[in-house]
Amino acid sequence: GATAKAHAADTIARLLAASLPGGFLVNLGGDIATSGRAPQGGWKVGIEAADGTIRQVVAIHDQGIATSSTALRRWRTDGGTTHHIVDPRTGRTAPAVWAHVTCLAASALEANTASTASIVLGDKAPAWLARNGVAARLERPDGAAVRTAGWPGPDPADGRTQP
């Protein structure tokens, strides 16, 4: 479902730019695609935590952005609390190393794929993102954040951010 939503955002943004003048930001449940001319200074997008606080505002131009989270869509099981992202290697819920991972990419689909893969990869995610040239902000459950190269910074909402 998540990749379909991201693909739909990309498709809608392209169709709008092909048929209407101006710039467009399409947000389908947090999968964001842009097309056409961005406003001066770029599209301002808030990076939101599960409690609704804005951790950072970034400006994007002709990019997609998406966040995957283990802090939302959670429920209790006999074994404790779990979330909705499954590790396909094990068939079990991915460990909650990251509360939120937000990625910037050429499209919403690419950003969504990278953010979800990062949740599954856990502690290996920053190195994987760096090897693949994906700018990202990864936030641990305690609020500490890690950024990969290319992520717009600094991160004023989180004083514990590491470059």
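All values below come from the heavy atoms of this structure, side chains included, with hydrogens, waters and symmetry mates left out. Residues take their numbers from the sequence shown, with the count starting at 1.
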Tell me the closest heavy-atom pair linking [X] and [Y], and the distance in Å.
X    : Y    : result
S35  : R14  : OG-N, 4.2 Å
A111 : A105 : N-CB, 3.5 Å
L129 : A136 : CD1-CB, 3.6 Å

Can you list the steps and then say if I65 with I47 is a side-chain contact (heavy atoms from CB on, under 4.5 Å)?
CA-CA 10 Å; I65 188 168; I47 309 304; 3.9 Å; yes
Pairwise distance [atom1]([X]) to [atom2]([Y]) - rounded to 0.5 angstrom:
X    : Y    : atom1 : atom2 : value
T116 : N112 : OG1   : CG    : 4.5 Å
I60  : K44  : CD1   : NZ    : 10.5 Å
R147 : Q56  : CZ    : CD    : 7.0 Å
I32  : S107 : CD1   : OG    : 13.0 Å

Are the side chains of R55 and H100 in contact, using a 4.5 Å heavy-atom criterion?
no
Between L104 and P152, is there a side-chain heavy-atom distance shorter than 4.5 Å?
yes
Test side-chain contact (heavy atoms from CB on, under 4.5 Å) applied to V45 and T102, step by step:
CA-CA 11 Å; V45 177; T102 303; over 6 Å; no
Give a yes or no on whether the backbone of [Y] and the side-chain of [X] come within a donor-acceptor separation of less than 3.5 Å.
X    : Y    : value
S68  : S118 : no
D10  : A108 : yes
D142 : A144 : yes
K5   : D31  : no

With a 4.5 Å cut-off on side-chain heavy-atom distances among I, L, V, M, F, W and Y, is there a chain of contacts connecting [X] to [Y]?
X    : Y    : value
W128 : L138 : yes
V58  : W43  : yes
V26  : L109 : no

For R140, check side-chain hydrogen bond (donor to acceptor under 3.5 Å, both in side chains) against everything at least two apart and list the hits.
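Counting only residues at least two positions away or on another chain, R140 forms a side-chain hydrogen bond (donor to acceptor under 3.5 Å, both in side chains) with D123.
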Checking side-chain polar atoms at under 3.5 Å, does T67 have a donor or acceptor matched by the opposite partner on S115?
no
Passes side-chain contact (heavy atoms from CB on, under 4.5 Å), I12 versus F24? Steps please.
CA-CA 9 Å; I12 293 167; F24 304 92; over 6 Å; no
